[in-house]
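Only one structure is covered here, and it is reproduced in the block below.
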Amino acid sequence: MTVNELIKKALYLGVGITVASKEKIESLVEELVKKGEVAPSESKELVAKLIEKGEEGESEMKRMMRDSMNKLLAEMNVATRQDIERLEQRLAKLETPSS
């Protein structure tokens with residue numbers, strides 16, 4: 001498995017968790033309404049607030065994952081896009097015939 005595949009799988013997992021969490025939140029709030037613990041008029045606002053909190057947590061998790069991935073890639077000595085571009089420019093200069 002390549003690093004790109006690993007990153008994609010991690011991101012897809014995050015998206016899947018988000019969708020599942022939204023459905024779970026809506027289901028739980030619906031149960032609270034049925035039990036009379038939350039007024040039906042308050043349910044949409046509660047769902048929105050809980051989803052917002054979840055998205056904030058997701059953003060923080062993505063930031064932490066990105067930082068961890070960058071640290072891991074640096075430790076593995078993986079060439080960056082800038083490294084490759086710099087080498088391509090040097091190679092192009094070397095391949096250009098001298099006058």
Side-chain angles (χ1 to χ4, degrees):
M1 180 180 307
T2 67
V3 173
N4 277 343
E5 290 170 339
L6 180 63
I7 292 170
K8 283 181 186 177
K9 285 188 178 195
L11 291 176
Y12 290 150
L13 175 64
V15 170
I17 289 171
T18 301
V19 171
S21 296
K22 181 180 177 184
E23 292 172 357
K24 186 81 169 172
I25 288 170
E26 289 171 343
S27 175
L28 290 172
V29 171
E30 189 176 308
E31 284 296 316
L32 292 173
V33 169
K34 286 179 184 176
K35 291 179 181 179
E37 296 178 24
V38 173
S41 60
E42 297 174 344
S43 66
K44 286 185 181 182
E45 183 180 343
L46 179 59
V47 167
K49 283 182 181 179
L50 291 172
I51 289 173
E52 181 182 340
K53 290 291 184 187
E55 288 172 350
E56 289 172 6
E58 180 185 0
S59 294
E60 179 64 17
M61 182 181 73
K62 284 180 182 179
R63 185 195 62 74
M64 289 172 46
M65 282 179 55
R66 188 173 33 254
D67 291 348
S68 294
M69 282 291 199
N70 287 335
K71 183 178 177 183
L72 177 64
L73 292 173
E75 289 173 2
M76 293 173 58
N77 247 356
V78 174
T80 65
R81 183 178 310 226
Q82 292 85 6
D83 293 335
I84 294 169
E85 288 173 358
R86 189 174 60 249
L87 289 173
E88 287 173 342
Q89 290 171 358
R90 287 181 60 194
L91 185 57
K93 285 180 184 177
L94 291 172
E95 290 176 340
T96 305
S98 300
S99 311

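Between Ile84 and Ala79, the shortest heavy-atom distance links the atoms CG1-CB, 4.2 Å.
More than 12 non-hydrogen atoms from other residues, nucleotides or ligands lie less than 6.0 angstrom from CZ of Arg63. In this structure, Glu85 places its CD atom where more than 12 heavy-atom neighbours from other residues, nucleotides or ligands lie under 6.0 Å away.
Once rounded to the nearest 0.5 Å, the distance linking CE of Met76 with CE of Met69 reads 9.5 Å. Summarising the geometry, atom CD belonging to Glu26 is positioned 10.5 Å from atom NZ belonging to Lys44; distances are rounded to the nearest 0.5 Å. If you take CD on Glu88 and CD on Glu95, they are separated by 10.5 Å, rounding to the nearest 0.5 Å.
Transitive grouping of hydrophobic side chains (ILVMFWY, heavy atoms separated by less than 4.5 Å) keeps Leu91 and Leu87 in distinct clusters.
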Practice task
Could you give me the CA-CA distance, side-chain angles and deciding distance for Lys35 and Glu31, then say whether salt bridge (Lys or Arg N to Asp or Glu O under 4.0 Å) is met?
Solution key: CA-CA 6 Å; Lys35 291 179 181 179; Glu31 284 296 316; 5.3 Å; no

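Using a 4.0 Å cut-off between charged nitrogen and carboxylate oxygen, Lys34 and Glu30 count as a salt-bridge pair.
No donor-acceptor distance shorter than 3.5 angstrom exists from the side chain of Asp67 to the backbone of Met64, with no hydrogens or angles considered.
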